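Since the model is a prediction, treat every value here as computed from it, not as a measurement.
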Amino acid sequence: MALTFAQKERIVAEVAEVAQTAHSAVGAEYRGLTVDQMTKLRVEARKAGVYVRVVKNTLAKRALAGTDFACMDEALSGPLVLAFGQNDPGSVGRIAESFAKEHKEFQVRMIAIGGQLLDGSELSKLAKMPTYDEAISQLMAVMKAPVQKLATTLNEVPSKLARTLSAVRDAKEAA
């Protein structure tokens, strides 16, 4: 059944709105997957804060124009499912990677992040990106290390003096 002009406009507006706020995107070929398998992908994606949509390529090109994902324009060909990571950049990579391991028909063809188009073979790099909380934790650890080292160093001077005086006292008592 063909889409009406109004339906096409709604699809373009919806995808464009998601693309404006998304951190990363994945385009994957889904040929050979059953409806149940695609439903499973959508359920897992929804839990992880990933927007998944099968869109005609002409509509996707219109929706992605003017966003960071306009770089995907040239690579949009064939039956593709688009997935956008809304919570953090790596969420879409983790979902796509785990789903691709289970279903060989699911082939990631392109990745877009920060206005750059990457090959689908770099999916593992995207999947290994930390979540927001992990990134904050790593940043705090890096910021805490010099302060902790300074405190340890400053504390070592009186500790060494105390150990030296204790050794001198013990030597005098033994003599």
If you apply the rule salt bridge (charged side-chain N to carboxylate O under 4.0 Å, His left out), what do you find for Lys125 with Glu122, and how did you get there? CA-CA 6 Å; Lys125 289 181 185 177; Glu122 299 188 45; 3.6 Å; yes

Assess whether side-chain contact (heavy atoms from CB on, under 4.5 Å) is satisfied between Glu14 and Arg53, documenting all intermediate values. CA-CA 10 Å; Glu14 179 183 332; Arg53 181 79 190 238; 3.2 Å; yes

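In terms of the side chain to side chain donor-acceptor pair (under 3.5 Å) criterion, residue partners of Thr4 (sequence neighbours excluded) are, by chain and number, Gln7. Partners of Gln20 under the side chain to side chain donor-acceptor pair (under 3.5 Å) rule, at least two apart in sequence or in another chain, do not exist in this structure.
In this pair, Tyr51 and Phe84 present their aromatic rings tilted. The plane angle is within the 30 to 60° band.
At a threshold of 4.5 Å between side-chain heavy atoms, the hydrophobic network of Ile, Leu, Val, Met, Phe, Trp and Tyr places Ile95 and Val81 in one connected group. Clustering ILVMFWY residues whenever any of their side-chain heavy atoms sit less than 4.5 angstrom apart, transitively, puts Val54 in a cluster other than the one holding Val18. Under the 4.5 Å side-chain heavy-atom criterion for Ile, Leu, Val, Met, Phe, Trp and Tyr, Val108 and Leu41 are members of the same hydrophobic cluster. With hydrophobic clusters built from ILVMFWY side chains whose heavy atoms lie under 4.5 angstrom apart, Leu3 shares a cluster with Val15.
For residues 133-151, there are no side chain to side chain donor-acceptor pair (under 3.5 Å) pairs, not counting sequence neighbours. Within the structure, the side chain to side chain donor-acceptor pair (under 3.5 Å) test picks out the following pairs touching residues 70-80 (sequence neighbours left out): Ser77-Arg109.
The nearest pair of heavy atoms linking Ala48 to Asn87 is O-ND2, 3.4 Å. Across every non-hydrogen atom of Ala135 and Pro130, the tightest pair is N-CB, 4.0 Å. A pairwise comparison of heavy atoms in Val26 and Ala96 identifies CG1-CB, 4.3 Å as the closest pair. Residues Pro89 and Ile113 come closest through the heavy atom pair CB-CD1, 3.7 Å. When all heavy atoms of Gly90 and Met129 are compared, the pair lying nearest together is CA-CB, 4.1 Å.
Interatomic distance, Gln116 CD to Ser24 OG, rounded to the nearest 0.5 Å: 13.0 Å. In this structure, the separation between CZ on Phe5 and CZ on Arg10 is 11.5 Å, given to the nearest 0.5 Å. Interatomic distance, OG of Ser91 versus NE2 of His23, reported as 8.0 Å (0.5 Å rounding). To the nearest 0.5 Å, atoms OH (Tyr30) and CE (Met38) are separated by 6.5 Å. For the atom pair NZ of Lys56 and CG of Leu80, the computed distance is 14.0 Å after rounding to the nearest 0.5 Å. Atoms CZ and OG, from Phe106 and Ser98 in turn, are 9.0 Å apart once rounded to the nearest 0.5 Å.
Taking 4.5 Å as the limit, every side-chain heavy atom of Val12 sits out of range of all side-chain heavy atoms of Val55. Contact annotation: the side chain of His103 approaches that of Leu33 to within less than 4.5 Å [non-hydrogen atoms, C-beta and beyond]. Counting only heavy atoms from C-beta outward, the side chains of Met143 and Leu139 approach each other to under 4.5 Å. The shortest distance between side-chain heavy atoms of Leu82 and Val52 does not fall below 4.5 Å. Two residues are said to be in side-chain contact when any heavy atoms from C-beta on lie closer than 4.5 Å; Ile111 and Leu117 fail this criterion. In this structure, Thr39 and Thr34 have side chains that are not in contact, with every pair of non-hydrogen atoms separated by 4.5 Å or more. Put simply, the side chain of Lys8 does not reach to within 4.5 Å of the side chain of Arg62, judged on heavy atoms.
Paired with Met110 under the rule side-chain contact (heavy atoms from CB on, under 4.5 Å), one option of Asp119, Leu76, Leu118 passes, and it is Leu76.
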For residues 158-175, which side-chain N or O atoms pair as donor and acceptor with protein atoms under 3.5 Å away, sequence neighbours left out?
unit_1: Ser159; atom_1: OG; unit_2: Asn155; atom_2: O; d: 2.9
unit_1: Arg163; atom_1: NH2; unit_2: Glu156; atom_2: OE2; d: 2.7
unit_1: Thr164; atom_1: OG1; unit_2: Lys160; atom_2: O; d: 2.8

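Here the side chain of Asn57 pairs a donor or acceptor atom with the backbone of Gly78 at under 3.5 angstrom.
With a 6.0 Å radius and a threshold of 12 heavy atoms from other residues, nucleotides or ligands, Glu17 has its CD atom at or below the threshold.
With a 4.5 Å cut-off between side-chain heavy atoms of Ile, Leu, Val, Met, Phe, Trp and Tyr, the cluster of Val43 takes in none.
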